[in-house]
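Starting off with a structure, shown below.
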Amino acid sequence: MQRFANRVALITGAASGIGEATAERLASEGATVVCADVHSHGVEETAKTLRERGAEATAVVCDVSDPDSVKATVRETLERYGALHVLCNIAGILKFAHMHETRLDDWNRILSVNLTGTFLMCREAIPHLLESRGVIVNTASTAALAGHPWTAAYSASKGGVLSFTYGLAIEYGKQGVRSNAVCPGSVETPIHDAFEVPPGGDRKLLYRIMPFDKMRGPDAAANAIAFLASDEAAHINGIGLRVDGGALS
Ligand SMILES: NC(=O)c1ccc[n+]([C@@H]2O[C@H](COP(=O)([O-])OP(=O)(O)OC[C@H]3O[C@@H](n4cnc5c(N)ncnc54)[C@H](O)[C@@H]3O)[C@@H](O)[C@H]2O)c1
């Protein structure tokens, strides 16, 4: 399949996990990929791997929470490739703590990367996506759909991403830009290195985030993102697609 031939895709979080897998997936199907991430070495590695496989790919060091960095990333995409067709907002961070012990700077940082970063990228990209009748795929979480313990800031950020995506879908859908979100859960990536039960936490509360059958690799989420970004999903706008092995069923 070459669902992304002649399309330019900008993918945040492309240095690792789901973002990296999505960059590989879209590139393997013909996309020109701009790999954006705050992790400079990781994102260079992703772009290099794609080029070695014959794809057109560029790495851009970008902090999605920084408006100037986001602006520069979108500008570089347009200067280099002349158009933007697909925006996948995948960058994200996670930290575990009891809500009443969550530090305000941690709360602000998580909101600023996960939610504000998604807003900034979309705001900058929308004029170009309106020109190309392009598509947005944002990354929420099962934490947006059900209670997860010790992730107050993360859950709030992902609930915000989902609502924000619904808003984009209705606001820009009639102008030809589709916006959807994925809600992953139990996807094996380095983000889980952050996992720890805070002191005194009751492990039984974890039942909602335990894998339904097993963890799966980042391709499981990348496949869903690629589907939503493709024309196969032409009649899908404004959904949050769970990719969690059925954990919330
Ligand atoms: N793995 C899961 O089970 C799971 C579940 C639900 C949601 N998600 C979401 O999927 C997305 C990808 O996570 P992952 O599991 O692949 O984790 P990951 O840690 O492997 O990847 C996250 C990437 O985001 C990048 N990043 C962090 N802060 C950034 C910033 N300020 N600017 C630009 N890039 C930044 C990191 O450098 C990293 O490359 C995240 O939004 C995460 O919340 C993952």
Side-chain angles (χ1 to χ4, degrees), residues 1 3-4 9-29 31 33 35 37 46 64 86-94 110 113-115 117-118 121-122 135-149 151 154-166 168-169 178-195 206-249:
M1 272 190 296
R3 292 180 294 184
F4 301 101
L10 171 54
I11 299 172
T12 75
S16 173
I18 296 169
E20 181 182 5
T22 302
E24 288 175 1
R25 184 62 201 261
L26 267 58
S28 75
E29 294 196 38
V33 179
C35 305
D37 202 290
T46 302
V64 297
V86 176
L87 172 66
C88 300
N89 287 303
I90 305 179
I93 54 173
L94 169 63
I110 290 168
V113 173
N114 296 0
L115 179 56
T118 300
M121 269 291 164
C122 290
V135 58
I136 294 171
V137 184
N138 292 329
T139 309
S141 166
T142 51
L145 304 170
H148 284 201
T151 59
Y154 181 80
S155 296
S157 73
K158 294 301 187 175
V161 167
L162 197 53
S163 309
F164 173 70
T165 306
Y166 294 152
L168 294 182
R178 291 186 301 108
S179 303
N180 291 295
V182 287
C183 298
S186 307
V187 177
E188 187 98 63
T189 71
I191 208 167
H192 292 289
D193 296 350
F195 175 72
L206 290 171
Y207 76 99
R208 279 202 189 275
I209 53 174
M210 294 313 276
F212 181 64
D213 55 355
K214 59 178 181 180
M215 302 282 277
R216 278 181 211 279
D219 283 350
N223 289 343
I225 293 168
F227 165 66
L228 290 173
S230 77
D231 289 347
E232 287 180 324
H235 206 43
I236 301 177
N237 189 29
I239 67 158
L241 179 59
R242 270 203 291 125
V243 190
D244 65 349
L248 294 192
S249 298

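Computed from a prediction, not measured in an experiment: that's the story for all the values here.
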TODO: With side-chain contact (heavy atoms from CB on, under 4.5 Å) as the test, would you mind laying out the steps for K214 and E188 before giving the verdict?
DONE: CA-CA 10 Å; K214 59 178 181 180; E188 187 98 63; over 6 Å; no
Task: side chain to side chain contact (heavy atoms under 4.5 Å, CB included) partner of R178, the single match among V137, I136, V135 - done: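 Considering V137, I136, V135, a side chain to side chain contact (heavy atoms under 4.5 Å, CB included) with R178 is found only for V135.
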- [ ] Find the distance between CD1 (I236) and CZ (F227) and round it off to the nearest 0.5 Å.
- [x]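 It comes to 3.5 Å.
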Task: Smallest separation among heavy atoms of R242 and L248, with atom names - done: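 Looking at all heavy atoms of both residues, the closest pair is NH1-N, 3.6 Å.
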- [ ] Identify the two heavy atoms, one from A23 and one from I11, that lie closest to each other, and give their separation to 0.1 Å.
- [x]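 The pair with the smallest heavy-atom distance is CA-CD1, 3.5 Å.
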- [ ] Compare all side-chain heavy atoms of R3 with those of D231 and state whether any distance is below 4.5 angstrom.
- [x]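 R3 vs D231: side chains apart.
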- [ ] Enter the distance from L87:CG to T12:OG1 here, rounded to the nearest 0.5 Å.
- [x]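 L87 atom CG to T12 atom OG1 measures 7.0 Å (nearest 0.5 Å).
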TODO: Work out which heavy atom in A144 is nearest to a heavy atom in L162; give both atom names and the distance.
DONE: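 So the minimum-distance heavy-atom pair works out to CB-CD2, 4.0 Å.
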- [ ] Starting from the C-alpha separation in whole Å, work towards a yes-or-no answer on side-chain contact (heavy atoms from CB on, under 4.5 Å) for V243 and I225.
- [x] CA-CA 10 Å; V243 190; I225 293 168; over 6 Å; no
Open item on the list: Does any part of the side chain of I18, heavy atoms only, come nearer than 4.5 Å to the side chain of P218, both counted from C-beta?
Closed with: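 The answer is yes; the side chains approach within 4.5 Å.
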- [ ] Provide the closest heavy-atom pair for N180 versus I239 in the form atom of the first, atom of the second, distance.
- [x]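 Shortest heavy-atom contact: OD1-N, 2.8 Å.
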Task: Which atom of C122 lies closest to which atom of L168, heavy atoms considered - done: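 Shortest heavy-atom separation between C122 and L168 comes out as SG-CD1, 3.8 Å.
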Open item on the list: Checking side-chain polar atoms at under 3.5 Å, does N138 have a donor or acceptor matched by the opposite partner on T165?
Closed with: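 A pair is found: one side chain offers a donor N or O, the other an acceptor, under 3.5 Å apart.
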TODO: Compare every heavy atom of T46 with every heavy atom of A14, then report the nearest pair and how far apart it is.
DONE: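 Answer, listing the atom of A14 first, then T46: O-OG1, 2.8 Å.
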Task: Donor-acceptor contact below 3.5 Å, side chain N237 vs main chain S179 - done: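 Flag set: sc N237 to bb S179 pair under 3.5 Å.
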TODO: Taking the side chain as every heavy atom from C-beta outward, state whether T118 and V64 have any pair of such atoms under 4.5 Å apart.
DONE: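 No, side chains not in contact.
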Open item on the list: I need the T189 OG1 to I90 CD1 distance, nearest 0.5 Å.
Closed with: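 Those atoms lie 11.5 Å apart.
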TODO: For the residue pair N89 and T139, establish whether any side-chain heavy-atom pair is separated by less than 4.5 Å.
DONE: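 Of all side-chain heavy-atom pairs linking T139 with N89, none is under 4.5 Å.
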TODO: Working to the nearest 0.5 Å, report the span between CG of D219 and CD of E20.
DONE: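 Taking CG in D219 and CD in E20, the distance rounds to 10.0 Å.
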Task: C183 SG to K158 NZ distance, which is reported to the nearest 0.5 Å - done: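 If I round to the nearest 0.5 Å, the distance is 9.5 Å.
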Open item on the list: If I take atom NE2 from residue H192 and atom OG from residue S186, how far apart are they, to the nearest 0.5 angstrom?
Closed with: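 H192 atom NE2 to S186 atom OG measures 7.0 Å (nearest 0.5 Å).
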